[in-house]
Amino acid sequence: MAQLRKYQNISHQYQAQISSINANISAKQYELKKKAAANSVTPQSRAWMTATDDATQRSVKLFNILLTFDSTAEYNHRKKLARPYLDSASLKNNQLFGSDNDGSGGHYIDIAGLSSRYSSSVLSAGLANGNQIPVLIKSSLEANNGVSEDVFVADYDYKNHKFLNLIKLSNLVQSASNN
């Protein structure tokens with residue numbers, strides 16, 4: 001009987017050592033998995049994520065400027081406000097900054113009482129090429145004549161924090177308001 005107890009005690013000691021070793025192995029495996037996950041983000045993917053986040057934040061600011069106005073004066077002032085976000089080619093784009101002159105010396109925004117309010121935008125980014133990533137932006141606005149969603153494309157220069165060659169591709173949705 002004494003012999004049996006002796007072997008049981010030795011067995012319990014070994015089981016305790018095995019449990020301790022298993023706990024250490026689990027802790028080491030957890031640390032290695034954590035390090036591997038951190039290392040799986042390459043410098044290129046980290047730069048892409050940073051560029052995409054920056055482009056998203058700047059697109060919200062830009063489209064709030066582009067799509068919000070209550071008068072001809074505000075409509076015409078958008079170009080100056082958008083300068084920090086756009087390259088010179090985009091600033092010259094009449095599709096973005098066209099005149100609201102009605103041909104008779106009047107301004108259709110003021111005459112018709114048009115207004116527009118930025119609602120939201122969603123940015124999708126492609127793969128980085130040098131300091132640029134191609135972006136597709138879907139923007140939504142609410143106007144006194146309804147709701148509209150438009151799609152724009154550009155390259156985003158994440159070193160200079162500007163959208164390059166921004167153009168409107170298409171109008172996806174336009175619905176009349178119930179007013």
Side-chain angles (χ1 to χ4, degrees), residues 40-179:
S40 69
V41 177
T42 65
Q44 293 84 5
S45 63
R46 192 171 292 118
W48 179 84
M49 288 186 296
T50 301
T52 302
D53 287 346
D54 185 47
T56 298
Q57 291 172 14
R58 294 197 53 95
S59 72
V60 168
K61 292 176 183 176
L62 172 63
F63 281 90
N64 194 28
I65 292 166
L66 292 177
L67 303 177
T68 302
F69 58 87
D70 284 317
S71 67
T72 293
E74 288 179 8
Y75 181 82
N76 291 333
H77 191 62
R78 298 172 312 124
K79 190 176 204 174
K80 182 178 181 183
L81 296 174
R83 251 188 205 108
Y85 306 99
L86 294 172
D87 69 331
S88 60
S90 299
L91 290 167
K92 293 174 186 169
N93 183 343
N94 285 335
Q95 186 186 39
L96 301 174
F97 300 105
S99 171
D100 80 326
N101 189 328
D102 69 1
S104 69
H107 298 276
Y108 68 84
I109 290 174
D110 288 340
I111 292 169
L114 297 178
S115 66
S116 174
R117 292 271 175 259
Y118 167 81
S119 180
S120 66
S121 58
V122 178
L123 181 138
S124 298
L127 297 175
N129 182 10
N131 295 334
Q132 298 176 9
I133 54 173
V135 294
L136 180 82
I137 305 161
K138 183 181 86 168
S139 65
S140 300
L141 66 89
E142 296 176 13
N144 53 353
N145 61 347
V147 176
S148 182
E149 288 186 347
D150 299 312
V151 177
F152 295 82
V153 292
D155 287 318
Y156 183 70
D157 180 339
Y158 57 88
K159 294 293 182 189
N160 294 313
H161 309 285
K162 290 195 178 224
F163 291 94
L164 312 175
N165 300 309
L166 179 68
I167 59 169
K168 181 178 169 181
L169 275 186
S170 177
N171 177 265
L172 294 178
V173 176
Q174 192 158 2
S175 61
S177 68
N178 293 332
N179 294 340

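Start at 1 with the first residue, then count along the sequence.
Evaluation of the side chain to side chain donor-acceptor pair (under 3.5 Å) test over residues 102-114, restricted to residues two or more places apart or in two chains, returns Thr72-Asp110, Asp100-His107, Asp102-Ser104.
Pairing each heavy atom of Leu166 with each of Ser90, the nearest pair is N-OG, 2.8 Å. The two residues Pro84 and Arg58 make their nearest non-hydrogen contact at O-NH2, 2.8 Å. Scanning both residues, Ile137 and Ser59, for their nearest heavy atoms gives CD1-CB, 4.2 Å.
Side-chain N or O atoms of Trp48 include none that pairs as donor or acceptor with a backbone N or O of Ile133 at under 3.5 Å. Side-chain N or O atoms of Tyr75 include one that pairs as donor or acceptor with a backbone N or O of Gly98 at under 3.5 Å. Of the possible donor and acceptor atoms, one in the side chain of Arg78 sits under 3.5 Å from a partner among the backbone N and O of Leu66.
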Dump the intermediate steps for side chain to side chain contact (heavy atoms under 4.5 Å, CB included) on Asn93 and Ile167, then the final yes or no.
-> CA-CA 8 Å; Asn93 183 343; Ile167 59 169; 3.6 Å; yes
May I have the step-by-step check of side chain to side chain contact (heavy atoms under 4.5 Å, CB included) for Lys162 and Tyr156, ending in yes or no?
-> CA-CA 6 Å; Lys162 290 195 178 224; Tyr156 183 70; 5.7 Å; no
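The structure places CE of Met49 at 14.0 Å from CG of Asp54, a figure rounded to the nearest 0.5 Å.
Between Leu62 and Leu86, some side-chain heavy-atom pair lies under the 4.5 Å cut-off. Under the 4.5 Å side-chain criterion, counting only non-hydrogen atoms from C-beta, Leu141 is not in contact with Val147. Taking the side chain as every heavy atom from C-beta outward, Tyr158 and Thr50 never approach each other to under 4.5 Å. When side chains are defined from C-beta on, Thr68 does not count as touching Ser116, because their heavy atoms never get closer than 4.5 Å. Two residues are said to be in side-chain contact when any heavy atoms from C-beta on lie closer than 4.5 Å; Leu123 and Thr52 meet this criterion.
In this structure, Phe163 has its ring center at least 6.0 angstrom away from the ring center of Phe152.
Judged as a salt bridge (charged side-chain N to carboxylate O under 4.0 Å, His left out), and not counting sequence neighbours, the contacts of Asp150 are Lys168. Taking the side chain to side chain donor-acceptor pair (under 3.5 Å) definition, one finds that Asp157 meets it with Asn160, sequence neighbours left out.
A cation-pi arrangement, defined by a distance under 6.0 Å to the six-membered ring centre and an angle within 45 degrees of its axis, is absent between Arg83 and Tyr85.
Under the side chain to side chain donor-acceptor pair (under 3.5 Å) test applied with Arg117, the options Asn64, Asp70, Asn144 reduce to a single match, Asp70.
No more than 12 heavy-atom neighbours from other residues, nucleotides or ligands sit within 6.0 angstrom of CG on Asn129.
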